[in-house]
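Quick notes on the structure that follows.
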Amino acid sequence: MPAPPSTPILFSFPSSAELCDALAEFVVKAQREAIEKKGRFSVAISGGSLPKQLNALISHPGVKWDKWQVFYADERVVPLDHPDSNHKLCTDELFSKVPIPKKNIHTIDPTLADDLEELSDAYEKELIHEFAQKDSARFPIFDLILLGVGPDGHTASLFPGHSLLTEEDRWVAYIEDSPKPPPKRVTLTYPVINHAARLAFVASGVGKADTLHSVLDEPERGLPASRVRPVYPGQLYWFVDEPAVSKVEFPRTPFKL
Ligand SMILES: O=C1O[C@H](COP(=O)(O)O)[C@@H](O)[C@H](O)[C@H]1O
């Protein structure tokens with residue numbers, strides 16, 4: 001029988017600045033271990049409030065940017081320089097400030113925006129190219145996936161009550177009816193998310209308090225963020241500040257790398 005998913009580890013920090021510093025150390029450790037094992041680091045990044053919280057990586061001496069292979073956990077189907085684009089956000093907040101080779105950042109192809117099936121297939125092929133020759137597993141095993149959580153409990157572009165929550169085969173899927181604008185998006189699916197070696201949710205501010213209570217204390221409600229349950233030996237972490245978990249009973253773990 002497969003081992004059950006391990007319990008999430010919740011790290012809570014007094015301030016957003018301390019959260020960002022600890023998150024950077026965590027990412028660098030994941031990167032170091034991946035490079036030692038296979039010479040590269042595969043990471044999927046979300047948009048929203050997350051990219052700003054990666055700012056301590058900009059001046060971190062341990063980051064080997066040329067070893068990173070970056071994918072997006074989800075992307076809005078808009079031009080790559082559009083204000084709604086997760087790629088633009090990540091570029092503005094992080095990638096434009098560090099020496100990462102452009103070819104290591106895997107974006108969607110917005111010229112395929114009229115055919116989301118084709119666009120998501122093309123992005124899936126990018127993943128297959130990165131992972132298929134190296135891993136024999138049915139799903140890619142990201143070294144790290146960084147996720148955010150929206151007020152309705154959505155994560156990536158997996159929204160409450162949406163049919164994509166039960167997708168079991170595809171690596172990348174699309175939606176045309178996102179309740180949060182813009183409506184057209186692509187997203188990694190749960191099978192991909194849940195096969196990652198490490199996952200980290202990042203959330204800060206009192207505005208997330210009710211959502212985090214529902215996600216962490218009431219997983220039986222099945223909000224999209226609660227459905228992130230990595231397959232053994234994957235491990236899920238939460239990096240939050242105290243205001244964000246002010247209504248959460250789930251036990252905290254002292255931060256240790
Ligand atoms: O629409 C999105 O929202 C989520 C959550 O965003 P946040 O601003 O509440 O952190 C984000 O993780 C996702 O990548 C994005 O497309």
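One-based numbering, in listed order, for ligands and for the atoms of each. Everything numeric in this text was worked out from a predicted model, so none of it was measured.
Panel note: side chain Ser42, backbone Asp143; a donor-acceptor pair is recorded below 3.5 Å.
Ion pair Asp169/Arg138 flagged as a salt bridge, since at least one NZ, NE, NH1 or NH2 atom sits closer than 4.0 Å to an Asp/Glu carboxylate oxygen.
Annotation for Leu19 and Ala203: closest pair CD1-O, 3.8 Å, computed over non-hydrogen atoms.
At a heavy-atom cutoff of 4.0 Å, ligand 1 is surrounded by Ser46, Gly47, Gly48, Ser49, Asp74, Arg76, Asn86, Gly148, Val149, Gly150, His154, Ala156, Lys180, Arg185, Lys208.
With sequence neighbours excluded, the residues that form a side chain to side chain contact (heavy atoms under 4.5 Å, CB included) with Ile100 are Trp65, Trp68, Val70, Phe95, Val98, Asn104, Ile105.
Ring-centre distance between Phe71 and Phe142: below the 6.0 Å cut-off.
Each of Phe255, Phe26, Phe201 was checked for a side-chain contact (heavy atoms from CB on, under 4.5 Å) with Tyr237, and the lone residue meeting it is Phe26.
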